Amino acid sequence: MTTDYRDSFDELERKWQDRWERERTFVAPRSPGSRRFYCLEMLPYPSGRLHMGHVRNYSIGDAVARFRRMRGDTVLHPMGWDSFGLPAENAAIKHGIHPESWTEDNIAQMRVQLRRLGLSYDWDREIAAHRPEYYRWNQWFFLRMLEKDLAYRSRRRVNWCESCRTVLANEQVEAGRCWRCESVVGTRELEQWFLRITRYAEELNADLETLTGWPEKVRLMQRNWIGKSEGARVRFPIVDGAGGDSGESIEIFTTRLDTIHGATFCVVAPDHPAVRHAPAAGPARSGLEAFLRRAAAREAARPGTAPEDKDGVDTGLRARNPYNGEILPVWTANFVLMEYGTGAIMAVPAHDDRDFEFATKYRLPICQVIVPTRDPGAVEPAVAAFVEDGWLIASGRYAGLSSAEARTVMLRDGEAAGFARGIVHYRLLDWGISRQRYWGTPIPVIFCDACGVVAVPDRDLPVLLPREVPLTGSGGSPLEQSEAFVRCVCPRCGAPARRETDTMDTFFDSSWYFYRYADAANRQAPFDSTVAESWMPIDLYIGGITHATMHLIYCRFFTKVLRDLGLVKFGEPVRNLLCQGMVLKGGTAMSKSKGNIVDPDDMVRRYGADTTRLFTLFAAPPEKDLEWNEAGVEGCFRFLDRVWRLFTPRAATLAAEPAPAPGDGSGDPRRAALRRKVHQTIARITVDLDRRLHLNTPVAALMELTNAVQDFDREGRPGDGPFLKEAGQVMALLLQPFAPHMSEELWALLGGEGTVSGRRWPEADPVWLHEEDVEIVVQVNGRVRSRLRVPAAATESEVLALARADAHVAGHLEGKSIRRTVFVPGRLLNLVV
RNA sequence: GCGAAAGUGGCGGAACUGGCAGACGCGCCGGACUUAGGAUCCGGUGGGGCAACCCAUGAGGGUUCGAAUCCCUCCUUUCGCACCA
């Protein structure tokens with residue numbers, strides 16, 4: 001007796017989940033053999049509830065992991081928790097729960113949810129960032145970086161989010177707003193710990209070239225973020241009223257040294273030191289002060305955003321262009337930023353859009369020195385800046401050179417004369433990791449009045465986060481309130497000392513966690529190098545695009561540091577990166593405030609894990625956004641239901657049938673067609689998973705196969721058993737990546753040996769892959785006129801003869817002569833008349 | 001503004017290196033079985049004539065025997081960056 005799929009999926013899915021766990025099916029060995037596959041999904045923050053974005057992410061990863069396992073790879077597929085961070089602390093403040101219990105409760109809940117989805121994780125390797133056995137290694141890495149001068153302390157103006165009451169790294173400020181709470185970010189001057197990621201700027205940029213398994217989009221975003229620009233610094237001496245050197249100078253940064261003869265003024269940032277040296281008296285003075293007030297007011301109103309209009313004023317200072325001796329006025333204006341380059345520029349209105357706009361507004365001279373062709377006729381007056389490279393004119397002895405040549409030659413001359421210096425500039429800034437919050441890794445340093453900043457010795461790690469700390473959400477670092485934590489003795493001199501009370505940015509935690517998975521139980525070291533190297537780099541890393549310039553730059557940086565510490569031999573942690581799209585409902589991302597959340601538990605309860613997973617894979621290709629559609633979920637459920645009804649009522653009978661021999665059925669067109677479909681489906685799905693990472697088309701192929709079996713079965717005949725059995729067993733095997741529970745159940749019912757999870761992926765029998773008869777499309781002048789069934793091996797002349805005889809074709813050939821024929825064997829014949 | 005990606009039925013999406021456009025699913029229409037059906041099964045489903053043909057992959061042009069696919073121009077959408085010198 002059989003039951004409805006609707007009544008049995010829950011029990012069935014739980015049964016297989018229990019069995020996988022009991023048999024430790026997905027536990028990976030300590031080190032893999034030659035064929036390994038590290039399949040990783042970005043670790044979640046334990047918010048307490050899984051959302052559909054997680055389900056999609058993990059369904060994609062699980063499909064790949066299960067497929068690779070069946071293909072014979074030793075697969076590492078772990079899961080863990082990015083469990084430090086602000087929400088736990090906020091929950092503690094709001095509800096009076098300790099962040100630790102809040103976090104652990106959430107983890108427990110989410111683990112249950114993940115298990116119910118039947119994801120093939122090796123839970124033995126589970127990690128959680130907030131546990132001392134994990135974060136002690138954060139501290140250990142920090143100390144290594146301190147030794148290498150990769151971590152340093154500096155007083156700086158930093159981004160400050162008032163709402164989160166903490167510092168933000170540059171990467172965490174998006175258009176002037178906090179990446180987490182979206183409130184406007186201000187600045188504060190604070191002593192902070194920084195990681196010298198800029199030391200790796202060049203390598204981080206150059207190695208992007210080697211990341212061929214990454215989406216172009218992410219590489220581009222990183223390239224922009226690193227912002228490499230090659231140029232020169234040039235010193236412009238400040239001259240006094242008589243034209244003599246004042247002894248002062250301003251240094252400008254330019255990437256277009258070739259245009260320097262066209263400089264007609266200089267511009268410094270409003271907060272540039274030179275502004276303070278502007279003449280103290282004279283009519284210009286009041287204008288300057290008014291401008292500085294305007295700039296300050298604008299900055300206070302909308303910090304960190306670009307002003308709407310260019311605004312500036314002549315400082316009264318004069319500078320000499322060292323390349324041609326020309327005396328230029330020095331302006332200060334709101335479009336020049338102190339944070340970039342030297343905070344000062346030479347303005348070349350003829351060849352820079354911003355300079356052009358500014359010069360036009362203030363009627364400053366525009367002087368053309370680059371022309372688009374080597375040999376221009378008359379030079380037209382500029383109506384817009386010509387910003388491309390070209391050839392130099394009006395540039396003294398450099399006239400006639402190309403822009404590129406000129407940059408090289410002029411830099412060399414300027415360096416020889418001592419007023420220019422070639423530099424490579426990066427937009428990337430050092431990573432500020434200090435956070436004035438409780439729920440994070442304590443930074444392992446001690447301040448001693450006598451010895452200064454002292455590193456906590458390795459033997460004293462971990463520096464434990466004290467449990468009882470008042471959390472109010474206001475004031476400085478919460479750890480300052482814990483006397484027992486703060487007071488310590490200096491490890492160097494033994495005098496009373498104070499501990500650092502800031503904690504680490506949680507992005508530190510997630511920058512290396514994938515190494516820990518490789519050797520999660522290690523108590524002596526963050527990981528054993530040999531073991532980690534046997535699994536790393538990650539073969540496929542799956543997550544959202546949101547981390548393109550944060551996590552994914554930090555973790556590349558970290559791996560380069562680990563390499564330089566001698567812990568690993570490679571410099572890039574991720575071979576292939578898949579950025580999956582978002583899950584939308586009604587065209588926008590699901591969110592509580594919009595009230596358009598679809599609860600994964602609800603879906604699993606109503607349709608089961610298989611259906612829920614199947615839908616997330618089927619409804620859209622992985623990298624595109626997916627619109628949640630309940631009717632589509634029903635469709636996936638119906639598909640599984642159909643598979644169920646097709647095979648389970650007679651599973652016992654089929655189980656007793658023999659498998660068809662390799663050539664069986666070839667004499668019977670109906671049976672041959674089914675076997676062909678079965679084997680073609682194997683081939684198709686294998687290619688899609690193996691080479692293209694397409695997950696929606698394999699599901700479609702499985703549906704087609706089901707339809708074919710249904711059609712075959714409609715006119716069932718005695719002796720069909722072996723053929724149905726083959727189809728059912730192949731179906732069971734191919735379903736494993738997409739609907740693993742149904743896969744196992746079907747396999748078991750059809751008398752399959754062992755479990756599908758423990759079996760090899762099926763091989764398509766080449767005999768059934770090629771069709772004996774193929775349909776050839778006959779075109780006349782590129783338009784389809786007929787279709788012919790011919791033997792696969794038919795030659796051009798044979799097909800041509802058949803085509804001429806075809807009534808449809810003949811009608812279009814009447815009264816015309818064939819000028820040319822194009823024949824694609826097995827595909828098409830095009831007659832050009 | 002700069003840069004990137006993408007535009008295919010009513011909808012989600014197929015179409016490997018240029019070779020049958022619309023696989024598969026949803027929705028819709030018709031039918032069967034039914035007391036009933038939002039279950040299941042069968043048939044149909046890009047548009048126009050409804051027959052043989054014509055028109056269709058954002059718009060326009062080009063290359064080609066042949067273009068959703070390659071090239072050019074434009075439009076739209078999404079994303080990223082946004083005075084980066």
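Small disclaimer: the values here were computed from a predicted structure and weren't measured. Residue numbers start from 1 in every chain, and the chains themselves are labelled A, B, ... in the order their sequence lines are given, proteins ahead of strands.
Between A:Glu623 and A:Lys217 no salt bridge is recorded (no basic side-chain N to carboxylate O distance below 4.0 Å). A salt bridge is absent between A:Asp711 and A:Arg670: the closest approach of a Lys/Arg side-chain nitrogen to an acidic carboxylate oxygen does not fall below 4.0 angstrom. Salt-bridge annotation for A:Asp4 and A:Arg645: absent, with no side-chain N of the basic residue lying under 4.0 Å from a carboxylate O of the acidic one. The pair A:Asp713-A:Arg650 meets the salt-bridge criterion, with a side-chain N (NZ, NE, NH1 or NH2) lying under 4.0 Å from an Asp/Glu carboxylate O. A:Lys228 has a carboxylate O that lies under 4.0 Å from a charged side-chain N of A:Glu202, or vice versa, which qualifies the two as a salt bridge.
Atom OH in A:Tyr607 sits about 11 Å away from atom C1' in B:rG38, given to the nearest Å. Between the NZ atom of A:Lys228 and the P atom of B:rG3 there is a distance of 21 Å, rounded to whole Å.
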Would A:Tyr323 and A:Phe419 satisfy ring-ring contact (aromatic ring centres under 6.0 Å, His included), going step by step from the backbone distance to the final call? CA-CA 9 Å; A:Tyr323 277 88; A:Phe419 54 71; 5.0 Å; yes

Can you list the steps and then say if A:Trp644 with A:Phe9 is a ring-ring contact (aromatic ring centres under 6.0 Å, His included)? CA-CA 10 Å; A:Trp644 180 259; A:Phe9 67 77; over 10 Å; no

Audit row: A:Gln680, A:Leu705, side chain to side chain contact (heavy atoms under 4.5 Å, CB included) steps and yes/no: CA-CA 9 Å; A:Gln680 284 169 346; A:Leu705 179 58; over 6 Å; no

Find every protein N or O atom lying less than 3.5 Å from an N or O atom of nucleotides 47-57 of chain B, and list the pairs.
residue, atom, partner, partner atom, Å
B:rC53, OP1, A:His812, NE2, 3.3
B:rC54, OP1, A:Arg785, NH2, 3.3
B:rC54, OP2, A:Arg785, NH1, 3.1
B:rC55, OP2, A:Arg783, NH2, 2.6

Detail all sub-3.5 Å separations between protein N/O atoms and N/O atoms belonging to nucleotides 27-29 of chain B.
residue, atom, partner, partner atom, Å
B:rG27, OP2, A:Arg638, NH2, 3.4

What protein N or O atoms touch nucleotides 64-67 of chain B N or O atoms at under 3.5 angstrom, if any, and at what distances?
residue, atom, partner, partner atom, Å
B:rC65, OP1, A:Arg820, NH1, 2.9
B:rC65, O2', A:Asn830, ND2, 3.2
B:rC65, O2, A:Asn830, ND2, 2.5

Atom pairs under 3.5 Å, N or O on each side, protein against nucleotides 15-17 of chain B: can you list them with distances?
residue, atom, partner, partner atom, Å
B:rA15, OP1, A:Arg692, NH2, 2.9
B:rC16, O4', A:Arg692, NH1, 3.0

Could you pull out the protein-nucleic contacts involving nucleotides 77-80 of chain B (nitrogen or oxygen on both sides, under 3.5 Å)?
residue, atom, partner, partner atom, Å
B:rC79, O2', A:Lys217, NZ, 2.8

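Across B:rC83, B:rG25, B:rG13, the shortest atom-to-atom separation from the side chain of A:Ala620 is found for B:rG13. With distances taken from any side-chain atom of A:Val777 to the nucleotides B:rG12, B:rC20, B:rC81, the minimum falls on B:rC20. Side-chain proximity of A:Thr254 to the nucleotides B:rG12, B:rA85, B:rC26 is greatest for B:rA85.
Scored by the ring pair (Phe, Tyr, Trp, His ring centres under 6.0 Å) test, A:Trp214 finds no partners at all (sequence neighbours excluded). Shown here are the ring pair (Phe, Tyr, Trp, His ring centres under 6.0 Å) partners of A:Phe823, two or more places apart in sequence or in another chain: there are none. Every residue meeting the ring pair (Phe, Tyr, Trp, His ring centres under 6.0 Å) condition with A:Phe335, not counting sequence neighbours, appears here in chain and number order: A:Phe358. Listed by chain and residue number, nothing satisfies the side-chain hydrogen bond (donor to acceptor under 3.5 Å, both in side chains) test with A:Arg235 (two or more places apart in sequence, or in another chain). Not counting sequence neighbours, the partners of A:Leu220 by the side-chain contact (heavy atoms from CB on, under 4.5 Å) test are A:Arg223, A:Asn224.
B:rG27 sits 23 Å from B:rC33 when the C1' atoms are compared, rounded to a whole Å. Remark: the separation of the C1' atoms in B:rG19 and B:rA67 is 10 Å, to the nearest Å. Across the C1' atoms, B:rA51 and B:rU40 are found 37 Å apart, a figure rounded to whole Å. Comparing the C1' positions of B:rA56 and B:rG48 gives an interatomic distance of 11 Å, to the nearest angstrom. Nucleotides B:rU69 and B:rG60 place their P atoms 13 Å apart, quoted to the nearest Å. Distance check on atom C1': B:rG12 versus B:rC28 gives 15 Å, rounded to whole Å. Rounded to whole Å, the P atom of B:rC71 lies 14 Å from the corresponding atom of B:rG7. Rounded to a whole angstrom, the distance from the C1' atom of B:rA23 to that of B:rG61 is 32 Å.
Backbone-only contact: A:Gly635 has heavy atoms under 4.0 Å from sugar-phosphate atoms and none from a base. Here A:Arg645 lies in heavy-atom contact (under 4.0 Å) with sugar-phosphate atoms only. Backbone-only contact: A:Leu220 has heavy atoms under 4.0 Å from sugar-phosphate atoms and none from a base. Counting non-hydrogen atoms under 4.0 angstrom, A:Arg642 reaches the backbone sugars and phosphates but no base. Within the 4.0 angstrom heavy-atom criterion, no nucleotide atom of any strand lies near A:Val267.
Of the residues in residues 702-713 of chain A, those with a non-hydrogen atom less than 4.0 angstrom from any atom of RNA chain B are A:Met703, A:Glu704, A:Asn707, A:Gln710.
A side-chain donor-acceptor contact under 3.5 Å links A:Gln710 and A:Arg642. No hydrogens or angles considered: nothing links the side chains of A:Glu357 and A:Tyr362 as a donor-acceptor pair under 3.5 Å. No side-chain N or O of A:Glu230 forms a donor-acceptor pair with one of A:Thr255 less than 3.5 Å apart.
At B:rA82, one or more side-chain N or O atoms of A:Arg427 fall inside 4.0 Å of OP1 or OP2 (strictly under the cut-off).
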Pairing annotation in dot-bracket form, given for RNA chain B with Watson-Crick or G-U pairs under 3.5 Å and | for cross-strand partners: (((((((..(((......[....)))((((((.......))))))(((....)))..(((((..]....))))))))))))....

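A:Tyr5 has its ring centre less than 6.0 Å from the ring centre of A:Phe637. Taking the ring centroids of A:His425 and A:Tyr340, they lie under the 6.0 Å cut-off.
Smallest separation of non-hydrogen atoms from A:Asp430 and A:Ile197: OD1-N, 3.2 Å. Closest approach of A:Ile250 to A:Cys266, counting heavy atoms only: CD1-CB, 4.2 Å. Scanning all heavy atoms of the two residues, the minimum distance from A:Leu208 to A:Arg219 falls at O-NH1, 3.0 Å.
In this entry the base of B:rG44 is anti relative to its sugar, with a glycosidic angle more than 90° from 0.
A distance of 4.5 Å separates CG in A:Leu626 from CZ in A:Arg56, rounded to the nearest 0.5 Å.
Exactly one residue among A:Asp355, A:Asp389, A:Asp352 makes a salt bridge (Lys or Arg N to Asp or Glu O under 4.0 Å) with A:Arg256. That residue is A:Asp389.
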